[in-house]
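To find a chain, count down the sequence lines: A is the first, B the second, and so on, and within it residues start at 1.
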Amino acid sequence: MYNTMIKGLCKVSNNVIAIALLRLMDERGCKPDVVTYNTVIDSLCKDKMIDDAFNLFKEMVFQKGISPSVISYSSLIDGLCKLGGRWDEASKMLQEMLDDGISPDVLTFNILVDAYCKEGKVKEAEDVINIMMLKRGILPDLVTYSSLIDGCCLRGEMSKAISVFDSMSFRGIFPGVVTYSSLLNGYCKSLKIEEAMNLFHEVTRKGLKPDECTCGIILEGLCNNHKIEEALTLFHLMGDSKLSYNIVVYNILKDGASKCGKLDIATVLFQDLTNKGYLKNKHYDDVEMLLEKMDEIGYSLDVSTLSLLIDSIAAGSLDTAMSTLISKLVPDELIDSPSYSA
DNA sequence: CTAGGGTTAG
(Lines give C-alpha, C1' and ligand atoms only; values in the text may rest on other atoms or scores of the structure.)
Protein backbone atom coordinates (compact mmCIF):
# COMPACT_ATOMS: atom_id res chain seq x y z
CA MET A 1 0.00 0.00 0.00
CA TYR A 2 2.65 2.54 1.08
CA ASN A 3 5.06 1.20 -1.54
CA THR A 4 2.51 1.78 -4.29
CA MET A 5 1.89 5.36 -3.15
CA ILE A 6 5.62 6.06 -2.90
CA LYS A 7 6.13 4.64 -6.38
CA GLY A 8 3.43 6.97 -7.71
CA LEU A 9 4.99 9.99 -6.01
CA CYS A 10 8.44 9.13 -7.38
CA LYS A 11 7.04 8.72 -10.87
CA VAL A 12 6.07 12.39 -10.83
CA SER A 13 9.38 13.35 -9.14
CA ASN A 14 7.68 14.29 -5.90
CA ASN A 15 10.64 13.07 -3.87
CA VAL A 16 10.03 15.29 -0.85
CA ILE A 17 6.54 13.88 -0.28
CA ALA A 18 7.80 10.36 -1.06
CA ILE A 19 10.41 10.65 1.69
CA ALA A 20 7.80 12.12 4.07
CA LEU A 21 5.58 9.11 3.39
CA LEU A 22 8.52 6.77 3.99
CA ARG A 23 9.02 8.41 7.40
CA LEU A 24 5.31 8.23 8.16
CA MET A 25 5.04 4.52 7.40
CA ASP A 26 8.07 3.92 9.60
CA GLU A 27 6.41 5.82 12.48
CA ARG A 28 3.23 3.81 12.05
CA GLY A 29 5.13 0.58 12.47
CA CYS A 30 4.97 -0.42 8.80
CA LYS A 31 8.67 -0.85 8.15
CA PRO A 32 10.03 0.35 4.82
CA ASP A 33 11.87 -2.48 3.04
CA VAL A 34 14.58 -2.59 0.38
CA VAL A 35 11.94 -2.03 -2.33
CA THR A 36 10.69 1.13 -0.62
CA TYR A 37 14.20 2.53 -0.25
CA ASN A 38 15.24 1.56 -3.79
CA THR A 39 12.23 3.31 -5.26
CA VAL A 40 13.14 6.59 -3.61
CA ILE A 41 16.92 6.20 -4.08
CA ASP A 42 16.42 5.65 -7.82
CA SER A 43 14.09 8.62 -8.10
CA LEU A 44 16.59 10.88 -6.32
CA CYS A 45 19.37 9.66 -8.63
CA LYS A 46 17.26 10.41 -11.71
CA ASP A 47 16.68 13.93 -10.41
CA LYS A 48 20.44 14.39 -9.92
CA MET A 49 20.04 14.60 -6.14
CA ILE A 50 22.88 12.16 -5.64
CA ASP A 51 23.83 13.33 -2.13
CA ASP A 52 20.30 12.78 -0.86
CA ALA A 53 20.28 9.38 -2.55
CA PHE A 54 23.49 8.41 -0.76
CA ASN A 55 22.14 9.64 2.59
CA LEU A 56 19.07 7.46 2.16
CA PHE A 57 21.26 4.54 1.11
CA LYS A 58 23.38 4.92 4.26
CA GLU A 59 20.28 5.23 6.43
CA MET A 60 18.91 2.01 4.95
CA VAL A 61 22.15 0.08 5.45
CA PHE A 62 23.56 1.44 8.69
CA GLN A 63 20.52 2.57 10.65
CA LYS A 64 17.92 0.07 9.50
CA GLY A 65 20.26 -2.82 8.82
CA ILE A 66 18.67 -3.54 5.44
CA SER A 67 21.01 -5.13 2.89
CA PRO A 68 21.23 -3.24 -0.41
CA SER A 69 20.46 -5.13 -3.61
CA VAL A 70 21.84 -5.00 -7.14
CA ILE A 71 19.16 -2.38 -7.86
CA SER A 72 20.34 -0.09 -5.01
CA TYR A 73 23.90 -0.16 -6.35
CA SER A 74 22.89 0.11 -10.01
CA SER A 75 20.74 3.19 -9.34
CA LEU A 76 23.61 4.94 -7.54
CA ILE A 77 26.14 3.99 -10.24
CA ASP A 78 23.77 5.28 -12.94
CA GLY A 79 23.25 8.52 -11.00
CA LEU A 80 27.01 9.07 -10.68
CA CYS A 81 27.66 8.29 -14.36
CA LYS A 82 24.91 10.61 -15.59
CA LEU A 83 26.13 13.40 -13.28
CA GLY A 84 28.95 14.42 -15.58
CA GLY A 85 30.70 11.08 -15.43
CA ARG A 86 31.83 10.78 -11.81
CA TRP A 87 33.78 7.67 -12.77
CA ASP A 88 35.93 7.40 -9.64
CA GLU A 89 32.92 7.27 -7.37
CA ALA A 90 31.03 5.01 -9.76
CA SER A 91 33.84 2.45 -9.88
CA LYS A 92 34.15 2.69 -6.09
CA MET A 93 30.47 1.76 -5.80
CA LEU A 94 30.94 -1.07 -8.29
CA GLN A 95 33.82 -2.43 -6.21
CA GLU A 96 31.77 -2.05 -3.03
CA MET A 97 28.96 -4.00 -4.66
CA LEU A 98 31.31 -6.82 -5.68
CA ASP A 99 32.86 -6.88 -2.18
CA ASP A 100 29.34 -7.18 -0.83
CA GLY A 101 28.95 -10.36 -2.86
CA ILE A 102 26.36 -8.85 -5.20
CA SER A 103 26.75 -9.69 -8.90
CA PRO A 104 26.12 -7.02 -11.50
CA ASP A 105 23.40 -7.97 -14.00
CA VAL A 106 22.79 -6.94 -17.60
CA LEU A 107 21.20 -3.65 -16.47
CA THR A 108 24.25 -2.76 -14.36
CA PHE A 109 26.55 -3.48 -17.31
CA ASN A 110 24.33 -1.49 -19.65
CA ILE A 111 24.65 1.54 -17.39
CA LEU A 112 28.45 1.37 -17.80
CA VAL A 113 28.28 0.67 -21.54
CA ASP A 114 25.92 3.59 -22.09
CA ALA A 115 28.01 5.95 -19.97
CA TYR A 116 31.17 5.12 -21.95
CA CYS A 117 29.36 5.40 -25.29
CA LYS A 118 27.91 8.79 -24.41
CA GLU A 119 31.48 9.99 -23.82
CA GLY A 120 32.52 8.54 -27.17
CA LYS A 121 34.62 5.84 -25.47
CA VAL A 122 33.48 2.98 -27.67
CA LYS A 123 36.60 0.90 -27.01
CA GLU A 124 36.02 1.00 -23.25
CA ALA A 125 32.35 0.12 -23.79
CA GLU A 126 33.39 -2.93 -25.80
CA ASP A 127 35.76 -3.96 -23.00
CA VAL A 128 32.82 -3.84 -20.55
CA ILE A 129 30.72 -5.98 -22.91
CA ASN A 130 33.54 -8.52 -23.18
CA ILE A 131 33.88 -8.74 -19.39
CA MET A 132 30.12 -9.16 -19.11
CA MET A 133 30.08 -11.97 -21.68
CA LEU A 134 33.28 -13.83 -20.88
CA LYS A 135 33.55 -13.43 -17.11
CA ARG A 136 29.90 -13.29 -16.16
CA GLY A 137 28.29 -15.27 -18.94
CA ILE A 138 25.71 -12.53 -19.57
CA LEU A 139 24.68 -11.92 -23.17
CA PRO A 140 24.19 -8.35 -24.45
CA ASP A 141 20.59 -7.38 -25.15
CA LEU A 142 18.82 -4.76 -27.28
CA VAL A 143 19.81 -1.90 -24.95
CA THR A 144 23.47 -2.97 -24.90
CA TYR A 145 23.65 -3.05 -28.70
CA SER A 146 21.67 0.17 -29.11
CA SER A 147 24.00 2.07 -26.77
CA LEU A 148 27.03 0.76 -28.64
CA ILE A 149 25.51 1.69 -32.00
CA ASP A 150 24.73 5.16 -30.67
CA GLY A 151 28.32 5.54 -29.50
CA CYS A 152 29.66 4.63 -32.95
CA CYS A 153 27.20 7.01 -34.64
CA LEU A 154 28.19 9.88 -32.34
CA ARG A 155 31.76 9.41 -33.53
CA GLY A 156 30.64 9.24 -37.13
CA GLU A 157 31.87 5.65 -37.40
CA MET A 158 28.97 4.49 -39.51
CA SER A 159 30.49 1.31 -40.94
CA LYS A 160 31.26 0.13 -37.43
CA ALA A 161 27.73 1.03 -36.32
CA ILE A 162 26.33 -1.04 -39.18
CA SER A 163 28.52 -4.03 -38.33
CA VAL A 164 27.24 -3.93 -34.72
CA PHE A 165 23.71 -3.59 -36.10
CA ASP A 166 24.28 -6.66 -38.30
CA SER A 167 25.70 -8.77 -35.50
CA MET A 168 22.72 -7.82 -33.35
CA SER A 169 20.29 -8.88 -36.07
CA PHE A 170 22.32 -12.07 -36.55
CA ARG A 171 21.80 -12.84 -32.87
CA GLY A 172 18.07 -12.56 -33.39
CA ILE A 173 17.61 -9.27 -31.53
CA PHE A 174 15.19 -6.97 -33.32
CA PRO A 175 16.21 -3.31 -33.43
CA GLY A 176 13.86 -0.77 -31.88
CA VAL A 177 13.02 2.76 -32.96
CA VAL A 178 15.79 4.09 -30.70
CA THR A 179 18.33 1.91 -32.53
CA TYR A 180 17.24 3.23 -35.93
CA SER A 181 17.10 6.75 -34.57
CA SER A 182 20.81 6.61 -33.67
CA LEU A 183 21.69 5.38 -37.17
CA LEU A 184 19.54 8.05 -38.81
CA ASN A 185 21.17 10.70 -36.65
CA GLY A 186 24.62 9.38 -37.57
CA TYR A 187 23.92 9.38 -41.30
CA CYS A 188 22.41 12.87 -41.18
CA LYS A 189 25.30 14.30 -39.19
CA SER A 190 27.76 12.68 -41.64
CA LEU A 191 25.75 14.33 -44.44
CA LYS A 192 24.89 10.92 -45.90
CA ILE A 193 21.30 11.85 -46.57
CA GLU A 194 20.76 9.15 -49.22
CA GLU A 195 21.62 6.41 -46.73
CA ALA A 196 19.47 8.10 -44.10
CA MET A 197 16.45 8.23 -46.41
CA ASN A 198 16.91 4.59 -47.47
CA LEU A 199 17.01 3.54 -43.83
CA PHE A 200 14.01 5.71 -42.98
CA HIS A 201 11.98 4.05 -45.75
CA GLU A 202 13.13 0.64 -44.53
CA VAL A 203 11.88 1.47 -41.03
CA THR A 204 8.54 2.64 -42.39
CA ARG A 205 8.24 -0.46 -44.62
CA LYS A 206 8.77 -2.66 -41.56
CA GLY A 207 5.71 -1.06 -40.04
CA LEU A 208 7.69 0.52 -37.19
CA LYS A 209 6.20 3.82 -36.11
CA PRO A 210 9.05 6.38 -35.73
CA ASP A 211 8.41 8.81 -32.91
CA GLU A 212 8.37 12.60 -33.18
CA CYS A 213 12.04 12.88 -32.39
CA THR A 214 13.05 10.40 -35.13
CA CYS A 215 10.94 12.31 -37.63
CA GLY A 216 12.64 15.51 -36.48
CA ILE A 217 16.08 14.00 -37.12
CA ILE A 218 15.30 13.02 -40.71
CA LEU A 219 13.58 16.34 -41.46
CA GLU A 220 16.57 18.24 -40.15
CA GLY A 221 18.85 16.02 -42.21
CA LEU A 222 16.94 16.92 -45.36
CA CYS A 223 16.98 20.63 -44.48
CA ASN A 224 20.73 20.58 -43.91
CA ASN A 225 21.15 19.02 -47.35
CA HIS A 226 19.16 21.85 -48.97
CA LYS A 227 16.15 19.62 -49.56
CA ILE A 228 13.47 21.78 -47.94
CA GLU A 229 10.78 20.78 -50.46
CA GLU A 230 11.45 17.10 -49.83
CA ALA A 231 11.34 17.76 -46.08
CA LEU A 232 7.96 19.50 -46.35
CA THR A 233 6.54 16.72 -48.53
CA LEU A 234 7.73 14.10 -46.04
CA PHE A 235 6.37 16.15 -43.13
CA HIS A 236 2.92 16.14 -44.73
CA LEU A 237 3.21 12.46 -45.67
CA MET A 238 3.97 11.61 -42.06
CA GLY A 239 0.51 13.02 -41.38
CA ASP A 240 0.89 12.63 -37.66
CA SER A 241 -1.30 14.97 -35.62
CA LYS A 242 1.15 14.96 -32.71
CA LEU A 243 3.97 15.82 -35.09
CA SER A 244 2.07 18.73 -36.59
CA TYR A 245 1.86 20.29 -33.12
CA ASN A 246 5.52 19.68 -32.34
CA ILE A 247 7.26 23.00 -31.84
CA VAL A 248 10.75 21.56 -32.42
CA VAL A 249 9.75 20.13 -35.81
CA TYR A 250 8.30 23.51 -36.79
CA ASN A 251 11.51 25.25 -35.84
CA ILE A 252 13.56 22.72 -37.81
CA LEU A 253 11.46 23.32 -40.93
CA LYS A 254 11.31 27.08 -40.42
CA ASP A 255 15.08 27.36 -39.98
CA GLY A 256 15.60 24.96 -42.88
CA ALA A 257 13.42 27.11 -45.13
CA SER A 258 15.31 30.24 -44.08
CA LYS A 259 18.68 28.62 -44.76
CA CYS A 260 17.51 27.50 -48.20
CA GLY A 261 16.42 31.08 -48.90
CA LYS A 262 12.73 30.13 -49.01
CA LEU A 263 11.58 33.02 -46.85
CA ASP A 264 7.97 32.75 -48.02
CA ILE A 265 7.77 29.17 -46.76
CA ALA A 266 9.46 30.17 -43.49
CA THR A 267 6.87 32.93 -42.97
CA VAL A 268 3.94 30.57 -43.52
CA LEU A 269 5.46 28.02 -41.12
CA PHE A 270 6.02 30.72 -38.52
CA GLN A 271 2.40 31.86 -38.88
CA ASP A 272 1.20 28.25 -38.55
CA LEU A 273 3.27 27.86 -35.43
CA THR A 274 1.91 30.97 -33.71
CA ASN A 275 -1.64 29.86 -34.55
CA LYS A 276 -1.04 26.34 -33.18
CA GLY A 277 0.40 27.65 -29.92
CA TYR A 278 -3.15 28.55 -28.96
CA LEU A 279 -4.63 25.21 -29.89
CA LYS A 280 -1.91 22.98 -28.49
CA ASN A 281 -2.32 24.46 -25.05
CA LYS A 282 -6.05 23.97 -25.33
CA HIS A 283 -6.66 27.67 -24.92
CA TYR A 284 -9.96 27.15 -26.69
CA ASP A 285 -11.61 29.85 -24.60
CA ASP A 286 -9.02 32.36 -25.78
CA VAL A 287 -9.51 31.27 -29.39
CA GLU A 288 -13.26 31.54 -29.05
CA MET A 289 -13.03 35.02 -27.51
CA LEU A 290 -10.69 36.09 -30.26
CA LEU A 291 -13.01 34.75 -32.96
CA GLU A 292 -15.99 36.52 -31.36
CA LYS A 293 -14.06 39.76 -31.27
CA MET A 294 -13.11 39.31 -34.93
CA ASP A 295 -16.78 38.69 -35.79
CA GLU A 296 -17.81 41.88 -33.95
CA ILE A 297 -15.41 44.06 -35.85
CA GLY A 298 -16.14 42.33 -39.16
CA TYR A 299 -12.71 40.79 -39.54
CA SER A 300 -12.20 37.83 -41.88
CA LEU A 301 -9.92 34.87 -41.30
CA ASP A 302 -6.83 34.57 -43.45
CA VAL A 303 -6.36 31.40 -45.47
CA SER A 304 -3.72 29.71 -43.30
CA THR A 305 -5.61 30.28 -40.04
CA LEU A 306 -8.79 29.08 -41.66
CA SER A 307 -7.23 25.86 -42.96
CA LEU A 308 -5.78 25.20 -39.51
CA LEU A 309 -9.19 25.60 -37.88
CA ILE A 310 -10.87 23.44 -40.53
CA ASP A 311 -8.31 20.71 -39.85
CA SER A 312 -9.08 20.97 -36.13
CA ILE A 313 -12.81 20.65 -36.78
CA ALA A 314 -12.17 17.61 -39.01
CA ALA A 315 -10.00 16.07 -36.29
CA GLY A 316 -12.87 16.58 -33.85
CA SER A 317 -10.84 18.76 -31.52
CA LEU A 318 -13.12 21.79 -31.85
CA ASP A 319 -16.76 21.69 -30.84
CA THR A 320 -19.87 22.62 -32.83
CA ALA A 321 -20.29 26.08 -31.34
CA MET A 322 -16.76 26.93 -32.45
CA SER A 323 -17.40 25.52 -35.92
CA THR A 324 -20.51 27.70 -36.33
CA LEU A 325 -18.59 30.75 -35.24
CA ILE A 326 -15.75 29.96 -37.62
CA SER A 327 -18.14 29.47 -40.54
CA LYS A 328 -19.44 33.02 -39.96
CA LEU A 329 -15.91 34.32 -40.37
CA VAL A 330 -15.10 32.63 -43.66
CA PRO A 331 -14.48 35.40 -46.17
CA ASP A 332 -16.97 35.54 -49.08
CA GLU A 333 -14.34 34.94 -51.73
CA LEU A 334 -13.58 31.53 -50.20
CA ILE A 335 -17.17 30.31 -49.88
CA ASP A 336 -17.37 28.75 -53.34
CA SER A 337 -13.69 28.06 -53.67
CA PRO A 338 -13.20 24.38 -54.59
CA SER A 339 -10.49 23.81 -52.00
CA TYR A 340 -12.80 24.68 -49.14
CA SER A 341 -16.19 23.58 -50.52
CA ALA A 342 -15.96 20.10 -48.98
C1' DC B 1 5.21 -10.91 -6.40
C1' DT B 2 7.23 -5.65 -5.44
C1' DA B 3 12.27 -1.67 -7.23
C1' DG B 4 16.29 -0.39 -11.77
C1' DG B 5 18.10 0.28 -18.21
C1' DG B 6 18.95 2.89 -24.14
C1' DT B 7 14.90 9.44 -25.16
C1' DT B 8 17.90 10.20 -29.94
C1' DA B 9 15.74 16.62 -32.93
C1' DG B 10 15.55 22.98 -32.81
Participant: Grab the CE-C1' distance between A:Met25 and B:dA3 for me, whole Å please.
Facilitator: 13 Å

Participant: Base, sugar-phosphate or nothing for A:Val249? Non-hydrogen atoms, less than 4.0 Å.
Facilitator: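 A:Val249: base contact, heavy atoms under 4.0 Å.
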
Participant: Side chain of A:Thr39 only, please: which of B:dG4, B:dA3, B:dG6 is the nearest?
Facilitator: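 Within the option list, the nearest is B:dA3.
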
Participant: What about A:Asn3, does its side chain sit under 3.5 Å from the base of B:dA3 through a donor-acceptor pair?
Facilitator: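 It does not, because no donor-acceptor pair links the side chain of A:Asn3 to the base of B:dA3 below 3.5 Å.
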
Participant: Of the non-hydrogen atoms in A:Asp26 and A:Pro32, which two are nearest, and what is the gap between them?
Facilitator: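 The answer is OD1-CD, 3.6 Å.
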
Participant: Which nucleotide wins on minimum distance to the side chain of A:Asn251, given the candidates B:dG10, B:dT8, B:dG4?
Facilitator: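 From the listed options, B:dG10 comes nearest.
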
Participant: Could you check whether A:Thr108 gets within reach of a base, just the sugar-phosphate, or nothing at all, counting any heavy atom under 4.0 Å?
Facilitator: base

Participant: Considering every strand and a 4.0 Å limit on heavy-atom distances, what is the contact class for A:Ile217: base, sugar-phosphate, or nothing?
Facilitator: sugar-phosphate

Participant: Looking at every strand, decide which applies to A:Asp78 at a 4.0 Å heavy-atom threshold: base, sugar-phosphate, or nothing.
Facilitator: nothing

Participant: Should A:Glu96 and A:Lys92 count as an ion pair when the cut-off is N to O under 4.0 Å?
Facilitator: no

Participant: Look at the side-chain N and O atoms of A:Lys118 and state whether any lies under 4.0 Å from the OP1 or OP2 oxygen of B:dT7.
Facilitator: yes

Participant: Could you check whether any side-chain heavy atom of A:Lys160 comes within less than 4.5 Å of a side-chain heavy atom of A:Val122, counting everything from C-beta outward?
Facilitator: yes

Participant: Pick base, sugar-phosphate or nothing for A:Thr36, based on heavy-atom distances below 4.0 Å to the nucleic acid.
Facilitator: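 Since no nucleic acid heavy atom lies under 4.0 Å of A:Thr36, the category is nothing.
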
Participant: Among the nucleotides B:dG4, B:dA9, B:dT8, which one has an atom lying closest to any side-chain atom of A:Ile71?
Facilitator: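 The answer is B:dG4, which lies nearest to the side chain.
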
Participant: A:Lys7 side chain N/O closer than 4.0 Å to the phosphate oxygens (OP1, OP2) of B:dT2?
Facilitator: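 It does not, given that no N or O in the side chain of A:Lys7 lies less than 4.0 Å from OP1 or OP2 of B:dT2.
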
Participant: Can you tell me which nucleotide in B:dA3, B:dT8, B:dG4 comes closest to the side chain of A:Asn38?
Facilitator: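 Shortest atom-to-atom distance from the side chain points to B:dA3.
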
Participant: Counting only side-chain heavy atoms from C-beta out, which of B:dT2, B:dG10, B:dG4 sits nearest to A:Val35?
Facilitator: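 Nucleotide nearest to A:Val35's side chain: B:dT2.
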
Participant: If you take atom types as modelled and just measure distance, does the side chain of A:Ser74 reach the base of B:dG4 with a donor-acceptor pair under 3.5 Å?
Facilitator: yes

Participant: For A:Ser69, which contact category applies under a 4.0 Å heavy-atom criterion: base, sugar-phosphate, or nothing?
Facilitator: base

Participant: Output the rounded distance in Å from CD1 (A:Ile218) to P (B:dA9).
Facilitator: 14 Å

Participant: Do A:Ser146 side-chain and B:dG6 base share a donor-acceptor contact under 3.5 Å?
Facilitator: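 Under the 3.5 Å cut-off, the side chain and the base do form a donor-acceptor pair.
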
Participant: Taking atom types as they are modelled, would you say the side chain of A:Ser182 forms a donor-acceptor pair with the base of B:dG6 within the 3.5 Å cutoff?
Facilitator: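 No such pair is found, so the answer is no.
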
Participant: Are A:Leu142 and A:Phe174 side-chain neighbours, meaning at least one heavy-atom pair lies under 4.5 Å?
Facilitator: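 They are not in side-chain contact.
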
Participant: Of all the choices, B:dA9, B:dG6, B:dG4, which nucleotide is nearest to the side chain of A:Val178 once you look at every atom?
Facilitator: B:dG6

Participant: Would you call A:Lys189 and A:Asn224 a side-chain contact if the rule is heavy atoms closer than 4.5 Å?
Facilitator: no

